[in-house]
Amino acid sequence: MSERACGVRLHPAARLLRWMGRHAVGVCFLLIGAWLFRAVLAGADGISYDWQWYRVWRYLGRWTDGHFIPGPLLDGLGMTVRIALFGLALAVAAGLGAALLRLSQWPVARGMAHVYVGCLRNTPLLLQLFFVYFLFAPAIGVGPFGAAVLALGLFEGAYMAELFRAGLQSVPRAQWEAGISLGLGVWNTLRLVILPQAVRRMLPPLTSQLVSLIKDTSLVSAIAVADLTMQAQVLIADTFLAFEIWLIVAALYLALTLCVALPARWMERRYAWR
């Protein structure tokens, strides 16, 4: 019962303990985060690192004549967002296509999808980036950005294929039969009946895969794409402000992934019962 219902006013310390009990996991994460931050500061003090935060903020951006001019870090963040968005579109298309092929009745189609998923899931993404950039991209006439999107999209699509396959198989077969019996056809049944139900079940793992895609974009700096990680490496080489810049980069990646995870969590809670 609440304090108002009981007519008893708890001591502030007791209210604090009750709040901590309700939010124990969040409090633990905050304490761990504070400890890690303190450990970073202690490590920097151990090597006599000279913190120079005042030099870093201009690399995020600056105001000039009433206009905001983004710095190298925000330019890199924009490139990271573009790669993630285009990579996500390709990953969804490739993953859904491979999942449908895995569920098809044709052995050749199932074999092709199995080879695609098996090869890309069991080889490192960095090697795939090199393969696409140096061998495949010149043949089709795309640059570093296109090669990064292609490699990331196909790589993440191989993981999404299994998520889509599991989600589609979780929908009862009677739903297929009902849609087809109503004259919707296979495609409209998939689009209007099966996918809306499957997506609700797949939302949590798809969110995790999208977060993974965003973090994997940091590898595209290996093929000369000016993303957030590469811009940070260039700035560190010029300024030697390693700790400051990497901490800001980590905060930007965290903010980007939270912009994906929090709305997805809200959608999961809102539509889980439907």
Side-chain angles (χ1 to χ4, degrees), residues 83-133 135-137 139-142 146-217 260 264-265 267-268 270-274:
I83 293 173
L85 290 177
F86 283 100
L88 174 63
L90 179 58
V92 170
L96 182 57
L100 294 176
L101 290 178
R102 289 286 299 272
L103 297 174
S104 69
Q105 298 178 354
W106 299 320
V108 176
R110 293 199 304 269
M112 292 173 56
H114 184 74
V115 169
Y116 161 68
V117 172
C119 289
L120 271 72
R121 289 184 62 177
N122 296 301
T123 54
L125 175 57
L126 186 60
L127 294 182
Q128 296 177 29
L129 281 167
F130 288 149
F131 177 83
V132 172
Y133 178 65
L135 299 178
F136 190 67
I140 60 176
V142 299
V149 170
L150 188 61
L152 276 174
L154 293 177
F155 177 77
E156 300 295 339
Y159 285 89
M160 287 189 179
E162 292 300 292
L163 300 181
F164 279 118
R165 182 174 68 87
L168 292 174
Q169 288 182 327
S170 68
V171 179
R173 187 173 181 81
Q175 298 291 319
W176 284 96
E177 298 172 352
I180 294 175
S181 66
L182 291 174
L184 293 178
V186 176
W187 169 248
N188 286 328
T189 300
L190 173 66
R191 182 172 59 91
L192 300 175
V193 179
I194 304 302
L195 278 179
Q197 299 180 63
V199 167
R200 294 191 186 103
R201 295 176 170 88
M202 295 185 295
L203 187 58
L206 284 177
T207 302
S208 299
Q209 202 60 45
L210 178 54
V211 170
S212 177
L213 187 152
I214 293 173
K215 294 186 294 185
D216 287 342
T217 58
V260 173
R265 181 62 175 169
M267 291 177 61
E268 180 185 351
R270 181 178 177 83
Y271 299 106
W273 60 275
R274 297 186 179 182

* Just jot down the side chain to side chain donor-acceptor pair (under 3.5 Å) partners of Q128, sequence neighbours excluded, or say none. => T123
* To do: Give the C-alpha distance, both sets of side-chain angles, the deciding distance and a yes or no for side chain to side chain contact (heavy atoms under 4.5 Å, CB included) between L152 and L125.
  => CA-CA 8 Å; L152 276 174; L125 175 57; 3.6 Å; yes
* Nearest-0.5 Å distance that lies between atom CG in L96 and atom CG in L101 -> 9.5 Å
* At what distance, to the nearest 0.5 angstrom, does CG of L90 lie from CG of L154? -> 5.0 Å
* Work out which heavy atom in A147 is nearest to a heavy atom in V142; give both atom names and the distance. => N-CG2, 4.1 Å
* Structure fact -> Tightest non-hydrogen contact, residues F164 and A99, listed as CB-CB, 3.6 Å
* Less than 4.5 Å apart, any side-chain heavy atom of P204 and any of T207? -> no
* CA sep, side-chain torsions, deciding dist, call: L168, L100, side chain to side chain contact (heavy atoms under 4.5 Å, CB included) -> CA-CA 9 Å; L168 292 174; L100 294 176; 3.9 Å; yes
* What's the shortest heavy-atom distance between V117 and A98, and which atoms? -> CG2-CB, 4.5 Å
* Do any pairs count as a salt bridge (Lys or Arg N to Asp or Glu O under 4.0 Å) and have a residue in residues 102-126, sequence neighbours left out, and if so which ones? -> R102-E162
* Distance-minimising heavy-atom pair for A148 and L129 -> CA-CD2, 4.2 Å
* **Test item: S212 side-chain N/O and S208 main-chain N/O as donor-acceptor pair under 3.5 Å** => no
* Working to the nearest 0.5 Å, report the span between CD of E156 and CG of D216. => 5.0 Å
* Give a yes or no on whether the backbone of G95 and the side-chain of Y159 come within a donor-acceptor separation of less than 3.5 Å. => no
* Out of curiosity, H114 NE2 to C119 SG, how far, rounded to the nearest 0.5 Å? -> 9.0 Å
* To do: Decide side chain to side chain contact (heavy atoms under 4.5 Å, CB included) for L213 and Q209; before the verdict, give the C-alpha distance in whole Å, the side-chain angles of both, and the deciding distance to 0.1 Å.
  => CA-CA 6 Å; L213 187 152; Q209 202 60 45; over 6 Å; no
* How close do L103 and R165 get, heavy atom to heavy atom, and via which atoms? -> CD2-CG, 3.8 Å
* Look up atom CE in M202 and atom OG in S170, then write down how far apart they are to the nearest 0.5 Å. => 7.5 Å
* Structure fact -> Taking every heavy atom of T189 against every heavy atom of G179, the minimum-distance pair comes out as OG1-C, 3.4 Å
